Amino acid sequence: MLDVADLHAAYGRILALKGITLRVETGEITALVGGNGAGKTTLLRCLSGVHPVKSGRVTFHGDEITAFPAHARVAAGIAQSPEGRQVFGPLSVEDNLRLGAFRRGRADTEAGLDRVYGMFDILKTKRHLQAAGLSGGQQQMLAIGRALMSGPRLLLLDEPSMGLAPLLVDQILAAVVALKAQGVTVLLVEQNASAALSIADRGYVIETGRIAHSGTGLALLHDPAVREAYLGV
Amino acid sequence: MPELLQFLVSGLTIGAVYALVALGFTLIHNASDVVNFAQGEFVMLGGMVTVFATAAGIPLPLAALLAIAVAVLVGLALHRLAIEPARGASAVTLIIITIGASIFLRGVAQIVFDKRFHQLPGFSGNDPIMVLGAAILPQSFWVLGGALIVFCGLFLFLERTLMGKAVLATAANRLAARLVGVDTSFVLALSFGLSAAIGALAGILITPITLTSFDVGTLLALKGFAAAMLGGMGSPLGAVVGGLVLGLLEALGAGYVSSAYKDAVAFLVILAVLFSMPQGLFGHRSVERV
């Protein structure tokens, strides 16, 4: 579904991505794990078109989208729940969700709201409150819900477990698995490698801007090198 | 008592104009962090184009529409030719670009129009209406009514339409706005166009009272900026309140202290407010749970 070939990206003169090649298969959860500053967030920003690509190609459903502006990628079916949630703080929960469907019609928006409220009923309870007043876990649900509102074929999730209590992490990951069951393809970026790999069909380990290991989620979980570097065992 | 009423009405009238200019600052600042010091030039264009168009025999309503259209075109060109190419530059750089643009526009206006002061007749005549002993120009009602329509229209746009929400979302979090598919550079162009239209309307409405000339925008931009700061830069409601308060302070200062010190009185109060509340009257203190 998504093919990334030899992608390079930089911040000023510092290369953050030094030739990333990876593949996300339709209907799967693909995990991308790695330490702080490895380039995970930069890669997702490149995929969403909010960070410039220096060289390389991104292909989505056979169409090259490397030069697409951000709004065209949302329309093409790629949505992102960004690192740090990035909810629209002063706006209400429901307005945040409606903006997630900015590129869609009214009927799709209402159907999307039902779907998101069905998944995260706490958002329905708090739909008239300011998003800034939600707890961290609720903001994370809102960020994922907002991304789902665009009706994406590919959902990019950047560190959904960051800063959350273990119980909430489980709840968020269960939601990701449920999304897969609904047919949404997911690219999941995580520092919490064991959690991400345990639900992933396929995984990539990124180190200082390069893919260091790849394989099925299960294989990576049991790979001694990955275990030592990222799983703390 | 009649004189207090007199001061209040003239304060509210000029304050409404400051509020409109401050709204222009707020819209563009929210969409881009740019403080657009060419805002006053939109006001100048509104007044000057209307004056010259009516002098050329075009009826006033058409001339006013033409003036707004010219200002919007200039605003869009300012965005397209001066702000958009410098995308990614620091806010300070962009602010200096707008100062340059404002000097440029004033220079062009000086050549295209002239260097004299101009007047428009009051839209409903120039005979004051006596209310409780105070003489009120009918044009004051035009200014207040026009400002009220703009405030309500802008409020409905921002609060009731998805595009308006997208403008607010862009102000709150530009990255997230782009990620949900908002074309933020369109939002920025829209903000420049709207600000220009609002500024031009202010210029058209106030010209029968205060006269206009090619350099009338400088002081108005300064006052509008002060009003926006007083209200809390970024808050549309703050811009309106800040503008009205500034206008009232000036009028009361001129009436009860001395007209020579009216600006000093106004700015002293602003300094006092900002010393005690640096975020302005309606500025948002950032309390967000993370």
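Computed from a prediction, not measured in an experiment: that's the story for all the values here. Quick note on labels: first sequence line is chain A, next is B, and so on, each numbered from 1.
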Requested in this report: Would you give the length of the straight line joining atom OG1 of T26(B) to atom CD of Q39(B), rounded to the nearest 0.5 angstrom?
Outcome: 9.0 Å
Query raised in the report: Under 4.5 Å between any side-chain heavy atoms of Q140(A) and I172(A), yes or no?
Result: yes
Query raised in the report: Under 4.5 Å, heavy atom to heavy atom, which residues of residues 141-169 of chain A contact chain B?
Result: R146(A)
**Report entry** Distance (rounded to the nearest 0.5 Å) between I14(B) CD1 and L249(B) CG
**Finding:** 13.0 Å
Query raised in the report: Are there residues of residues 183-203 of chain B that reach to under 4.5 Å of chain A by heavy atoms, and which ones?
Result: D183(B)
Requested in this report: Scan side-chain atoms only and decide if S92(A) and H128(A) contain a donor-acceptor pair under the 3.5 Å cut-off.
Outcome: no
Query raised in the report: Quick one: which of E94(A), K124(A), R127(A) gives a side chain to side chain donor-acceptor pair (under 3.5 Å) with Y117(A)?
Result: E94(A)
Query raised in the report: So which of R98(A), Q86(A), Q80(A), R45(A) has the biggest tally of heavy-atom pairs under 4.5 Å with chain B?
Result: Q86(A)
Query raised in the report: Is it the side chain or the backbone of L99(A) that comes within 4.5 Å of chain B heavy atoms, both, or neither?
Result: both
Query - Approximate separation, where rounding is to 0.5 Å, of T109(A) OG1 and D114(A) CG - result: 11.0 Å
Report task. Identify which one of L7(A), I206(A), V4(A) satisfies the side chain to side chain contact (heavy atoms under 4.5 Å, CB included) criterion when paired with L22(A). Result -> V4(A)
Query raised in the report: What is the ring orientation for Y11(A) with H51(A), classed by angle as parallel under 30°, tilted 30 to 60°, or perpendicular over 60°?
Result: tilted
**Report entry** A177(B), part contacting chain A, at a heavy-atom distance under 4.5 Å
**Finding:** both
Report task. Using the test side-chain hydrogen bond (donor to acceptor under 3.5 Å, both in side chains), find all partners of N30(B) that sit at least two apart in sequence or belong to another chain. Result -> none
**Report entry** L187(A) side, atom CG; K40(A) side, atom NZ - distance, nearest 0.5 Å
**Finding:** 12.0 Å
Query - Proximal to chain A - members of residues 160-170 of chain B, heavy-atom separation under 4.5 Å - result: L162(B), M163(B), K165(B), A166(B), L168(B), A169(B)
Query - Donor on one side chain, acceptor on other, E28(A) and T30(A), under 3.5 Å - result: no
Query raised in the report: Under a 4.5 Å cut-off applied to non-hydrogen side-chain atoms, are L188(A) and I199(A) in contact?
Result: yes
Query raised in the report: Roughly how far apart are T185(A) OG1 and I29(A) CD1, rounded to 0.5 Å?
Result: 9.5 Å
Query - Separation between CG of L220(B) and CD of E41(B), rounded to the nearest 0.5 Å - result: 9.5 Å
Query raised in the report: Going by atom types only, do T59(A) and E64(A) share a side-chain donor-acceptor pair under 3.5 Å?
Result: no
Requested in this report: Tell me, for R73(A) versus chain B, whether the close heavy atoms (under 4.5 Å) come from the side chain, the backbone, both or neither.
Outcome: neither
